[in-house]
Amino acid sequence: MSKSPSDGAAIGILGSAFNPPHLGHLALAQEALWQLGLAEVILVPTGQAPHKRIADDPGCELRMAMTRLAAAEDSRLSVSSIEVDREGPSYTYETLEALAKERGETELVFVMGADAAVGLESWREPERVVEQASLAVARRAGVSDADVDAVMRSLGCAGRATMLEMPQFGVSSSAVRERAKQGRPLRYLVPETVARFIEEKGIYR
């Protein structure tokens, strides 16, 4: 596994539908910031998902608004509309190439879960993903470091992934959506500003 960026200049990229953003997303961003000494983590809401429809999607604008609310209280977090603004499916390699141009010489670190990392070979142009960014991979139950290493080797990028220790969260976007549908409280599962926004707008009801 590669060593953590030492100069603090690297920037993390965390992509998700953020439907809605929850405390697990923010904890992952925090752990990447802390464990790798990143300068910033950019949250990138998915525009049009290439492989499957986004379940119960309230639309890009509302997901962007919720993500901005979730990131607002931490100056180290920012939100990019790069995928929402792009026409057609959102492919990670295109997002990373665009951000690399935008950020110049800054090192990019793509933050993802181990369950996603072991499926990286099935992504569009996975070699271009790992060319543009090193990976920060959050450990997940049922996925070993060796599984992640094997994928990295097969993509010709052994040593480009750093494993992140993660606190265990029993919260998921789908569970939050289901609670919102039932009118159950969302506080302590999502940021309070996001919980209020979902309630006020009637999202997922």
Results of salt bridge (Lys or Arg N to Asp or Glu O under 4.0 Å) for [X] - residues two or more places apart only:
X      : value
Glu83  : none
Arg179 : none
Glu31  : none
Arg124 : none

Step-by-step side-chain contact (heavy atoms from CB on, under 4.5 Å) determination, Leu164 to Val137: CA-CA 6 Å; Leu164 299 178; Val137 180; over 6 Å; no
Sequence neighbours left out, what passes side chain to side chain donor-acceptor pair (under 3.5 Å) with [X]? Give chain and number order.
X      : result
Thr67  : none
Lys181 : Asp56
Glu199 : none
Arg196 : none

Where do Arg128 and Thr92 land on the side chain to side chain donor-acceptor pair (under 3.5 Å) test, with the steps shown first? CA-CA 9 Å; Arg128 289 169 75 176; Thr92 298; over 6 Å; no
Set out, in order, the CA-CA distance, both residues' side-chain angles and the distance that settles side-chain contact (heavy atoms from CB on, under 4.5 Å) for Leu28 and His25, then state yes or no. CA-CA 5 Å; Leu28 177 52; His25 291 128; 5.8 Å; no
Among Pro191, Ser173, Pro58, side chain to side chain contact (heavy atoms under 4.5 Å, CB included) partner for Pro20: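 Of the listed residues Pro191, Ser173, Pro58, the side chain to side chain contact (heavy atoms under 4.5 Å, CB included) partner of Pro20 is Ser173.
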Kindly compute the distance separating [atom1] ([X]) from [atom2] ([Y]), expressed to the nearest 0.5 Å.
X      : Y      : atom1 : atom2 : value
Leu43  : Ser81  : CG    : OG    : 12.5 Å
Phe18  : Met64  : CZ    : CE    : 10.0 Å
Arg177 : Asn19  : CZ    : CG    : 5.0 Å
Thr106 : Leu38  : OG1   : CG    : 11.5 Å
Tyr188 : Leu23  : OH    : CG    : 11.0 Å
Ser134 : Glu107 : OG    : CD    : 4.5 Å

Report yes or no: does [X] contribute a side-chain atom to a donor-acceptor pair with the main-chain N or O of [Y] at less than 3.5 Å?
X      : Y      : answer
Asp149 : Ala158 : no
Arg68  : Val79  : no
Ser144 : Asp147 : yes
Arg63  : Pro45  : no

Answer yes or no: are there more than 12 heavy-atom neighbours, outside Glu73 itself, under 6.0 Å from its atom CD?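 No, because the 6.0 Å sphere around CD of Glu73 holds 12 heavy atoms or fewer from other groups.
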If you draw a 6.0 Å radius around CD in Glu125, do more than 12 non-hydrogen atoms from other residues or ligands fall strictly inside?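 More than 12 within 6.0 Å, yes.
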Nearest atoms (heavy-atom pairs only) where [X] meets [Y]:
X      : Y      : value
Gly12  : Val111 : CA-CG2, 4.4 Å
Gln132 : Leu108 : O-CB, 3.9 Å
Tyr204 : Met66  : OH-CE, 3.3 Å
Ala114 : Arg140 : N-CG, 3.7 Å
Val171 : Gly24  : CG1-N, 4.0 Å
Glu94  : Arg86  : C-NH2, 3.7 Å

Under a 4.5 Å cut-off applied to non-hydrogen side-chain atoms, are Asp74 and Leu26 in contact?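 No. Closest side-chain heavy atoms not under 4.5 Å.
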For [X], give me all partners under side-chain contact (heavy atoms from CB on, under 4.5 Å), at least two apart in sequence or on another chain.
X      : value
Arg139 : Asp145, Met163, Glu165
Leu69  : Thr193, Val194, Phe197
Ala49  : Thr46, Ile54
Ile42  : Ile11, Ile13, Glu40, Val44, Ser78, Ser80, Arg103

As a quick check of understanding, evaluate side-chain contact (heavy atoms from CB on, under 4.5 Å) for Leu135 and Val130, giving each step before the final call. CA-CA 7 Å; Leu135 302 183; Val130 294; 4.1 Å; yes
Audit row: Leu120, Val148, side-chain contact (heavy atoms from CB on, under 4.5 Å) steps and yes/no: CA-CA 9 Å; Leu120 192 58; Val148 175; over 6 Å; no
